[in-house]
Amino acid sequence: MNTPLPSATAAATSAAAAPVALAIDPTHDRPPSTHWYSRLCGALSKASLVLAIFGLVGIIVSVQVQVVGRYVFNDTPTWAEALALQLVLYVTALGVAVGVRDAGHIGLESLVSLLPEGLRLKIEILIHALVALFGGIMVQSGWLWTRLKWDELDPMLQMPVGIDYLSLVIAGVLIVMFSIEHIVALLRHEEVVPSWY
């Protein structure tokens with residue numbers, strides 16, 4: 001009976017236990033990024049995850065208040081739906097930003113993983129630069145709409161309508177920061193460790 005080598009067994013076990021399978025060649029593993037900017041982005045990412053969890057709890061409570069008000073007391077609170085929609089915007093914004101840092105979004109890396117290391121590094125840097133550009137456009141557009149709509153009041157929440165668009169600014173700033181973190185890590189031949197590890 002053939003017994004697998006310990007290194008092959010360990011590699012298979014670690015690959016099976018990994019929550020996200022890496023598309024890159026495992027022979028090109030990089031050490032984790034530990035410099036100050038990466039630690040700052042890691043802290044921001046964790047804080048974003050915690051805020052998103054509280055936001056999800058707020059959405060659940062708002063919807064429950066709305067359901068109980070409608071079906072039990074026959075008096076639907078108008079603020080509950082508006083608050084739930086507001087929270088959805090911010091939870092989505094924070095989730096998108098954390099997904100950029102932790103590489104949680106759908107990507108097609110099979111072709112990139114077949115390239116030589118030098119060319120693959122350049123393409124990865126280009127990808128993160130394009131994502132950062134997208135984040136910058138989000139910041140610019142979101143800030144424009146935030147300023148334009150800040151003087152309008154939401155009749156249900158009595159808050160500025162511009163707060164809706166502020167979520168785009170927050171997401172865009174975080175996306176730019178996290179993309180720069182990836183670029184710096186690639187230039188230092190390091191790997192960004194997901195914040196939920």
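Bear in mind that the values here come from a model prediction, so they are computed numbers and not experimental data. Along the sequence shown, residues are numbered consecutively beginning with 1. All values below come from the heavy atoms of this structure, side chains included, with hydrogens, waters and symmetry mates left out.
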### Summary
His35 meets the side chain to side chain donor-acceptor pair (under 3.5 Å) criterion, sequence neighbours left out, with Ser33
### Within-4.5 Å side-chain heavy-atom neighbours: Val88 and Ile59
yes
### Query
Which pair of non-hydrogen atoms, one from Arg101 and one from Ser45, has the smallest distance, and what is that distance?
CD-CB, 3.6 Å
#### Entry: Thr146 and Ile163, any side-chain heavy atoms less than 4.5 Å apart
no
### Ser48 OG to Asp102 CG distance, which is reported to the nearest 0.5 Å
10.0 Å
### Query
Which pairs count as side chain to side chain donor-acceptor pair (under 3.5 Å) when at least one residue sits in residues 78-97, sequence neighbours excluded?
Gln86-Asp164
### Query
Within a radius of less than 6.0 Å around OH of Tyr37, do more than 12 heavy atoms belonging to other residues, nucleotides or ligands occur?
yes
### Sequence neighbours excluded - salt bridge (charged side-chain N to carboxylate O under 4.0 Å, His left out) pairs with any residue from residues 54-71
none
### Heavy-atom pair with the smallest gap, counting every atom of Met138 and Ile175
SD-CD1, 3.9 Å
### Query
Any side-chain heavy-atom pair from Ile60 and Val57 closer than 4.5 angstrom?
no
### Query
salt bridge (charged side-chain N to carboxylate O under 4.0 Å, His left out): which pairs involve residues 127-143, sequence neighbours left out?
none
### Task
State, to 0.1 Å, how close Ala93 and Ser167 come at their nearest heavy-atom pair, and which atoms those are.
CB-O, 3.5 Å
### Partners meeting side chain to side chain donor-acceptor pair (under 3.5 Å) with Gln66 (sequence neighbours left out)
none
### Residue list, side chain to side chain donor-acceptor pair (under 3.5 Å) with Glu152, at least two apart or on another chain
Lys149
### Positive for ring-ring contact (aromatic ring centres under 6.0 Å, His included) with Tyr165, one of Trp150, Trp145, Trp143
Trp145
### Summary
Smallest heavy-atom separation, Ala97 atom then Leu174 atom, equals CB-CB, 3.5 Å
